[in-house]
Amino acid sequence: GAVVSQHPSRVICKSGTSVKIECRSLDFQATTMFWYRQFPKQSLMLMATSNEGSKATYEQGVEKDKFLINHASLTLSTLTVTSAHPEDSSFYICSARASILNTEAFFGQGTRLTVV
Amino acid sequence: GEDVEQSLFLSVREGDSSVINCTYTDSSSTYLYWYKQEPGAGLQLLTYIFSNMDMKQDQRLTVLLNKKDKHLSLRIADTQTGDSAIYFCAEIHSSASKIIFGSGTRLSIRP
């Protein structure tokens with residue numbers, strides 16, 4: 001299957017700083033990328049959907065100014081957690097699809113964010 | 001609304017079959033998926049089924065879909081220790097814009 005690379009896999013940051021997480025599709029062009037958040041022992045919660053070249057669509061309750069998403073190219077999307085707080089500590093996973101007609105969504109390995 | 005539900009835990013004996021169940025509410029779902037998540041890792045797509053199919057088999061995996069009851073199941077034959085993981089059922093939204101996940105079922109294998 002196609003490969004989605006997410007970086008970094010783990011990051012620890014201080015409260016008040018910003019953290020950027022990258023999601024890259026390595027061998028296909030991803031017209032759509034999804035960002036999920038997973039709390040311990042819980043399911044994945046969709047945060048936002050981004051289409052290349054356009055603004056991300058955020059799910060209800062997700063602060064767009066807090067979680068900045070950029071999908072500037074067909075192979076790269078970034079999620080920036082701004083002014084991070086301990087409650088932002090979580091597992092963040094990105095997913096990419098080649099096109100709206102494509103049935104498969106390929107996932108990155110996730111990023112464990114710890115805010116201290 | 002969109003809702004996908006699964007039981008949280010399943011324990012089976014090594015060598016037995018595991019059956020993980022899932023129910024969903026969106027009758028216009030077009031594709032339904034099963035993903036596997038090992039500890040600290042991302043998600044691995046195991047298999048998917050079109051909504052106009054009743055069954056799909058892929059080696060040790062069998063997916064059954066009852067569209068009338070909006071019920072999906074994943075059967076793992078000859079369950080091995082390497083099958084220990086969390087299994088997520090997911091559906092693609094009717095607008096094809098997003099994937100909705102169930103809560104995940106933690107499968108544990110006992111000797």
Side-chain angles (χ1 to χ4, degrees), chain A residues 1-11 21 23-26 30-51 54 56-60 62 90-114, chain B residues 1-10 20 22-26 29-53 56 58 63 65 84-108:
Chain A
V3 177
V4 174
S5 174
Q6 191 172 335
H7 178 81
S9 57
R10 291 179 183 272
V11 58
I21 302 170
C23 180
R24 292 181 184 274
S25 57
L26 297 187
T31 57
T32 304
M33 286 190 173
F34 305 92
W35 286 96
Y36 293 86
R37 181 175 180 177
Q38 186 180 32
F39 292 100
K41 298 182 181 180
Q42 293 189 29
S43 187
L44 288 86
M45 180 190 78
L46 179 64
M47 299 174 67
T49 302
S50 74
N51 293 297
S54 61
T57 302
Y58 289 80
E59 295 298 301
Q60 193 172 6
V62 178
S90 191
F91 192 55
Y92 294 87
I93 302 178
C94 73
S95 169
R97 290 174 62 195
S99 75
I100 201 162
L101 299 176
N102 195 293
T103 60
E104 294 189 56
F106 301 98
F107 286 81
Q109 288 301 300
T111 298
R112 171 76 59 195
L113 170 63
T114 304
Chain B
E2 311 141 357
D3 197 14
V4 180
E5 294 189 355
Q6 302 175 237
S7 53
L8 293 179
F9 301 101
L10 177 65
I20 303 171
C22 170
T23 58
Y24 60 98
T25 57
D26 188 350
S29 296
T30 51
Y31 301 102
L32 295 121
Y33 305 83
W34 283 105
Y35 287 90
K36 177 182 181 182
Q37 185 182 33
E38 296 184 19
L43 277 78
Q44 172 195 358
L45 177 64
L46 289 178
T47 186
Y48 64 88
I49 189 168
F50 298 142
S51 59
N52 62 358
M53 295 171 64
K56 181 177 180 181
D58 183 3
V63 179
L65 175 61
S84 293
I86 301 176
Y87 290 82
F88 290 95
C89 165
E91 62 168 352
I92 195 162
H93 192 262
S94 54
S95 66
S97 62
K98 55 187 177 182
I99 301 172
I100 306 299
F101 286 84
S103 56
T105 300
R106 183 178 296 275
L107 175 64
S108 61

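Because only heavy atoms are used, hydrogens play no part in the values below, and waters and symmetry mates are left out as well, while side chains stay in. No experiment lies behind these values; they were computed from the predicted model shown.
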Check whether Phe88(B) gets within reach of chain A through its side chain, its backbone, both or neither, counting any heavy atom under 4.5 Å.
side chain
Side chain to side chain contact (heavy atoms under 4.5 Å, CB included) between Gln37(B) and Ile93(A), intermediate numbers included
CA-CA 12 Å; Gln37(B) 185 182 33; Ile93(A) 302 178; 3.9 Å; yes
Side chain from CB out, backbone as N, CA, C, O: work out which of these in Gln44(B) comes under 4.5 Å of a heavy atom of chain A, or both, or neither.
neither
Looking at Phe107(A) and Leu43(B), what are the two nearest heavy atoms and their distance?
CB-O, 3.5 Å
For Gln6(A), enumerate each residue passing the side-chain hydrogen bond (donor to acceptor under 3.5 Å, both in side chains) test, keeping only those at least two apart in sequence or located in another chain.
Thr111(A)
